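Quick notes on the structure that follows.
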Amino acid sequence: MCGIVGCIAREASRRSEEVVMAGLARLEYRGYDSAGIATVSNAGLDYRKKAGKLANLQEKLEGEPLADATAAIGHTRWATHGSPSDTNSHPHVVDGGALALIHNGIIENASLLMRRIQKDHDIDPVSETDTEVVAHLLALTYHDVCDSGVTPGVDALAEAMRRVMPELQGTFTLLAIHRDCPDAIVAARRSSPLVIGLGDGQNYLGSDALAFSEWTDQCLEIGQDQMVVVTSDSVRVYDTHGNRQTPHEFTVDFSHERTSKGGWATYMEKEIHEQPRAVAETLENRTDEQGYLTLDELRISADVLRQLDKVIIIACGTAAYAGQVARYAIEHWCRIPCEVELAHEFRYRDPVLDQQTLVVAVSQSGETMDTIMAVRHAREQGARVLAIVNTPGSTISRESDAVLLTHAGPEIAVASTKAFTAQVTACYLLGLYLAQVRGNKYIDEIQDYLEKLSQIPDKMQTVLNTSSLVNEVARELGPKTESVIFLGRHVGYPIALEGALKLKEIAYIHAEGFAAGELKHGPIALVDEGQVVVTIVPTPRRPELHRKVISNIQEVRARGAYTIVVAEEGDDAVNEFAEVVFRVPQTPTLYMPLLSAIPLQIFACEVATARGCDVDQPRNLAKSVTVE
Ligand code: AGP
């Protein structure tokens, strides 16, 4: 889960370096253990790299500026092999400074390859990384190609890359520059993201289009095991046999205002407040003139959907909790079994899958390796795969049978917020579409559900406008709280899990979500005087749920808990058992997660801020986990 950026221009100038550094800043959320940049021009190849955040590299460049360059490649790292250090950071420059390489992914046979290189060429590694091994291998192969009669330069570098790819086991996005060919960047990918941006007199490469979205929205997809030669005026794509390929071109919408903080202190705060728009835009243009749901991009026929006998949602982290919320709706509306499985557990469980199974892969980035591998397993077993992703052109969307896009806009903060509520919304659209196609619900019922769903953005705005109490309580509790329990029942249970994850990942507080009914089966032993317990209370209009959760609050309160409750406007039954009540507008039970998630997001954000944590780039994490 590293950030990779490249830029190649016609003339040597500061431009390529500036584009790469700006792109790295946009991708820093993908990994921020260390950063580096390499440049090349007719005057030669040079590089700078530094452990720590991108600011450390920027400071180094101010002190030791690079020369004007035609090509530049840059990298922000989330360490997999080797600790975060100057030496282990990318680019890796080898062969006497002739070649520079950056890499995202994991080379699983790196040790074997390094032993071979050490033995055959008496070359010893200077770093602990798998990437350096590839750099040496590429440089040695480049010399072999030149020795075979190919003129040193871009064609030799491309042929060297083509020969190296099959020798690598594992995943990679590779970008290489060489001092013999300052007019080109050679890249390759397998199971790790790479997008090409098409400019005017210069071209771009990135882990995702966000890296260069300020300069172009015209992109090319690079397929699995493809190699690409990028110059300022051309992009040539090849397969590993050297056959030219025609890449798919697409346009991204990363309007700049959607990728800056827009006056908010953190991206997370901004994205929490963008949720009404994210849900509204995910709901937009989903019905035809007669009011029937039409999910155009679904590309799975109604007949196939009618024959389904099971739905399995696969995802990780917050996306998995979105799936857990959706499961209640899909089973209730469609009367079809719906499982939710953590993607990294899915294929090892040896799940029962066939043509009648719809596997739904939920992912904001569309690049989560655990989910990619689960998608591949599902397709190998013959299941149909639908991707619900927020990133057009991402690997998961490309490798699925069909795609349902969320329209949350770019989510920069590592902690997912607007993507979560957009994912839940998209899952609801899928559930209602299945119910419509399979005849479980009449069109007037579907329209009624859609009408109530269309009211959610305004209700979300109400929650956001009345969140001052949440901020106040979080500021007060933040510095002195070391443990929080979250409780929920029915659709509130996944929200309890999500609320706990938010607090863990940005405030570094031990927090745990439980099904409220599970507490008495053990976890209640955790409750002591002053233990903070946050409970999501169902609407009183579901008395069989409401009554039980009130009892659960009484159980913890009787043991000294500090009880924070998320409850509907008008639900006064909670007042006597709650120290604090965060109110949300009345809404149908199945839609309440779209509202109750918001106070918990704000709570986590404010607690993290009160504790001096880096809200947008929490320690040890990255936005897109592109390694298994
Ligand atoms: C959520 O706050 C986390 N950053 C993490 O759990 C994330 O949801 C998970 O890694 C899945 O990412 P994806 O949606 O991009 O696949």
Side-chain angles (χ1 to χ4, degrees), residues 1 3 27 29-32 78 191-193 207-208 210 266-269 271-272 275 278 313-326 340-346 359-375 385 387-400 403-406 408-427 494-495 497-508 511 513 597-598 600-605 608 613-628:
M1 40 258 203
L27 295 187
Y29 68 87
R30 293 176 68 91
Y32 31 87
W78 186 85
S191 300
S192 183
S207 308
D208 68 45
L210 188 60
T266 62
Y267 278 109
M268 185 176 179
E269 274 181 281
E271 290 156 8
I272 287 171
Q275 291 184 102
I313 299 172
I314 56 173
C316 300
T318 289
Y321 300 146
Q324 289 192 29
V325 170
V340 181
E341 182 66 86
L342 291 171
H344 40 81
E345 287 291 323
F346 176 70
V359 171
V360 182
V362 183
S363 174
Q364 189 286 129
S365 63
E367 300 298 345
T368 298
M369 186 53 68
D370 289 321
T371 309
I372 290 171
M373 300 311 282
V375 163
V385 179
I388 294 182
V389 296
N390 194 45
T391 310
S394 57
T395 302
I396 290 172
S397 65
R398 289 204 308 270
E399 298 199 12
S400 298
V403 180
L404 184 54
L405 287 177
T406 53
E411 187 176 70
I412 310 295
V414 166
S416 185
T417 51
K418 63 177 183 175
F420 171 71
T421 45
Q423 287 161 356
V424 172
T425 303
C427 287
I495 297 305
L497 298 173
E498 169 60 9
L501 175 60
K502 287 282 130 346
L503 207 53
K504 278 183 274 204
E505 67 176 327
I506 63 172
Y508 316 147
I598 296 175
L600 305 188
Q601 294 165 348
I602 295 171
F603 181 76
C605 187
C613 298
D614 185 333
V615 168
D616 285 337
Q617 298 180 354
R619 69 187 182 199
N620 305 341
L621 294 178
K623 180 63 180 173
S624 177
V625 183
T626 57
V627 292
E628 275 195 289

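Indexing begins at 1, ligand by ligand and atom by atom, following the structure's order. Remember, it's a predicted structure, so these values are computed and weren't measured experimentally. The chain is numbered in sequence order, starting from 1.
Within ligand 1, the atoms closer than 4.0 Å to a non-hydrogen atom of A319 are 8 (O), 14 (O), numbered from 1 in the order shown. Every atom of ligand 1 with a heavy atom of G317 under 4.0 Å away is listed here by number and element: 6 (O). Short contacts between ligand 1 and A415, defined as distances under 4.0 Å to a heavy atom of the residue, involve ligand atoms 2 (O). Distances below 4.0 Å separate heavy atoms of C316 from the following atoms of ligand 1: 8 (O), 9 (C), 11 (C). Residue S416 has at least one heavy-atom neighbour below 4.0 Å for each of these atoms of ligand 1: 1 (C), 2 (O).
S400 is linked by a side chain to side chain contact (heavy atoms under 4.5 Å, CB included) to V375, V385, A387, I396, counting only residues two or more places apart in sequence or in another chain. In this view, Q423 satisfies the side-chain hydrogen bond (donor to acceptor under 3.5 Å, both in side chains) rule with no residue, not counting sequence neighbours.
The protein heavy atom nearest to atom 3 (C) of ligand 1 is E505 OE1, 3.4 Å. Remark: minimum distance from atom 8 (O) of ligand 1 to any protein heavy atom is reached at T318 N, 3.2 Å. The nearest protein atom to atom 10 (O) of ligand 1, hydrogens excluded, is given as V625 CG2, 4.1 Å; this is a heavy-atom distance.
Checked by atom type and distance alone, the side chain of T391 pairs as donor or acceptor with a backbone atom of Q364 at under 3.5 Å. Judged purely by atom type and a 3.5 angstrom limit, Y508 uses its side chain to pair as donor or acceptor with the backbone of R619.
Counting heavy atoms only, T368 comes closest to atom 16 (O) of ligand 1 of the residues V362, D370, T368. The heavy atom nearest to atom 4 (N) of ligand 1, considering only V414, T406, I506, is found in V414.
Residue T371 has no nitrogen or oxygen atom sitting less than 3.5 Å from a nitrogen or oxygen atom of ligand 1, judged on distance alone.
Put simply, no part of E367 is less than 4.0 Å from ligand 1, judged by heavy atoms.
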